[in-house]
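Reviewing the structure listed below.
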Amino acid sequence: MSDHDDQSPTVLAPEGDAAEPMAVATTEKKTTVKKIIRKKKRLAKDEPPALLRRPARVQMDPSEFTSEPPPQIGTTFNIWYNKWAGGDREAQQQTKAKGRCNIATDSGFTTSDSGSYFCLRFARGICPLGRDCMSMHRLPGMFDLFNPNVDCFGREKFSDYRDDMGGVGSFMRQNRTIYVGRIHVSEDIEEIVARHFAEWGQVERIRVLRDKGVGFITYTNEANAQFAREAMAHQSLDHDEILNVRWATADPNPMAKAREARLVEEQAAEAVRRALPAEFVAEIEGKDPEARKRRRIESGYGLDGYEAPDNVHFARGRNAVNPVGRDGFEVEYQERLMIEDGQPASEALEITTTTAQAAAPGKAGIFSGSTLAALSKAKVSVSSKPKAAASTGPLVSYDSDSDDE
């Protein structure tokens with residue numbers, strides 16, 4: 001108790017035996033509160049988030065889960081639309097969904113948490129496997145990229161959309177906008193739509209037609225739009241309506257087209273930034289003035305007033321003009337030159353040089369070792385004419401070029 005007396009506040013009490021119990025009670029209360037605060041700070045700082053260490057929740061009892069075909073309401077079953085034709089068209093669409101996905105409580109790790117695709121039944125809120133599922137049970141993120149021919153659930157796309165703009169979709173264009181129909185019209189319809197559809201990812205733009213009960217929701221990521229379309233199909237908002245969720249057609253507005261093209265350019269630029277080193281990006285975008293000055297000097301290559309363009313200065317490879325770009329791209333294997341007997345030239349040079357040095361140490365000729373080796377192996381015979389007998393006279397060294405003489 002003596003350790004905590006200095007930290008406890010001064011308490012005025014009557015003189016006598018009643019003063020000591022009051023001081024003890026105050027000190028114990030102070031110590032208990034202090035320990036609780038320290039425990040909360042340790043949990044918030046050291047332990048991982050609950051989403052990363054908890055398993056995925058089972059959304060439906062496995063005994064209740066059934067994958068039955070749609071009820072027969074027509075005469076012919078259309079496999080393209082996955083419903084019966086020739087009957088009441090609205091009967092199947094008015095069927096309420098069996099489950100509803102709750103990201104806050106259902107998300108968690110699974111057996112294949114690093115799998116390539118997301119669980120379709122998890123998005124619909126009817127997955128009976130939980131942590132034993134072979135697909136991911138979470139929301140798609142900005143870095144979850146997929147092949148353009150498949151969606152985030154691994155289903156193959158088609159070249160054309162269906163007539164009702166349902167199904168998986170088309171791989172001919174990137175569609176991030178979904179159409180939502182049969183919304184109950186109320187005073188706060190915009191707030192209701194935004195609150196329910198913001199649960200499935202970052203929303204870029206929402207447009208609600210109040211008179212028609214129709215909304216258009218555009219997500220930043222295409223995978224989030226695919227997830228939201230499956231999660232909100234045949235669901236209800238704050239009222240008892242049953243939504244009709246489909247893919248939205250292309251917006252003919254020129255401003256919308258320009259905005260879409262600008263977004264694609266921004267995504268491409270972000271991909272380039274991630275691929276290039278940080279110093280290159282800072283230099284290209286002008287964020288590093290010292291690098292910009294250094295480039296003016298280095299990219300001139302000794303020519304006054306010349307500055308190499310980006311595709312030349314930042315080129316990398318064997319044929320790069322910039323010497324820095326050739327670092328690390330040298331050819332490791334190069335075919336050695338061969339001489340007549342098939343021996344590599346470098347080995348012949350070493351042998352010839354060693355022989356020449358042993359034969360005449362300290363002397364160096366004008367021919368290289370490889371040349372001497374080649375000449376020594378060449379068998380060339382030169383016939384020399386016998387010398388004429390020595391004679392006297394003015395034409396001692398005279399000789400004719402004619403063969404008759």
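Contact check for V193 versus V180: no side-chain heavy atoms found under the 4.5 Å cut-off. With a 4.5 Å cut-off on side-chain heavy atoms, F216 and D251 do not count as touching. Put simply, the side chain of E156 does not reach to within 4.5 Å of the side chain of N149, judged on heavy atoms. Side-chain contact check for M232 versus I178: every heavy-atom pair is 4.5 Å or farther apart. The shortest side-chain heavy-atom distance between M134 and C119 does not fall under the 4.5 Å cut-off. Considering only heavy atoms from C-beta on, S135 stays 4.5 Å or farther from F153 through its side chain. Counting only heavy atoms from C-beta outward, the side chains of L139 and E199 never approach each other to under 4.5 Å. Between S159 and F171, the closest side-chain pair of non-hydrogen atoms falls below 4.5 Å.
Counting only distance, with no hydrogens or angles, the side chain of R121 and the backbone of I126 share no donor-acceptor pair below 3.5 Å. Although no hydrogens or angles enter the test, the distance criterion places no donor-acceptor pair under 3.5 Å between the side chain of N221 and the main chain of Q202. Proximity of a side-chain donor or acceptor of T110 to a complementary backbone N or O of D132 within less than 3.5 Å is not detected. Under a 3.5 Å cut-off, the side chain of Q235 and the backbone N or O of L243 do not form any donor-acceptor pair. A distance-only check finds a donor-acceptor pair linking the side chain of N224 to the backbone of W200 [under 3.5 Å].
Under a 4.0 Å N-O distance rule, the pair K257/E260 does not qualify as a salt bridge. A salt bridge links D144 with R138; the closest basic N to acidic carboxylate O contact falls under 4.0 Å.
Looking at D240 and H184, their side chains never bring a donor and an acceptor atom within 3.5 Å of each other.
Taking D61 as the reference, S63 meet the side-chain hydrogen bond (donor to acceptor under 3.5 Å, both in side chains) condition, with sequence neighbours excluded.
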Fill in: Full working for side-chain contact (heavy atoms from CB on, under 4.5 Å) between D238 and H196
CA-CA 9 Å; D238 289 356; H196 280 271; 2.8 Å; yes
Item to complete: Show your reasoning for whether side-chain contact (heavy atoms from CB on, under 4.5 Å) applies to Y179 and W247.
Response: CA-CA 6 Å; Y179 160 87; W247 290 112; over 6 Å; no
Worksheet item: Would R210 and E190 count as a side-chain contact (heavy atoms from CB on, under 4.5 Å) if you check the C-alpha gap in whole Å, the side-chain angles of each, and the deciding distance to 0.1 Å?
Response: CA-CA 8 Å; R210 178 185 295 269; E190 290 87 357; 2.9 Å; yes
Practice prompt. Apply salt bridge (Lys or Arg N to Asp or Glu O under 4.0 Å) to R273 and E270, showing your working.
Written response: CA-CA 5 Å; R273 292 190 190 97; E270 182 64 22; 3.3 Å; yes
Discussion item. Apply side-chain contact (heavy atoms from CB on, under 4.5 Å) to residues T220 and E204 and explain how you reach the verdict.
Written reply: CA-CA 5 Å; T220 305; E204 178 182 319; 4.0 Å; yes
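Residue pairs meeting the salt bridge (Lys or Arg N to Asp or Glu O under 4.0 Å) criterion with at least one partner in residues 215-233, sequence neighbours excluded, are R124-E230, R155-E230, K157-E222.
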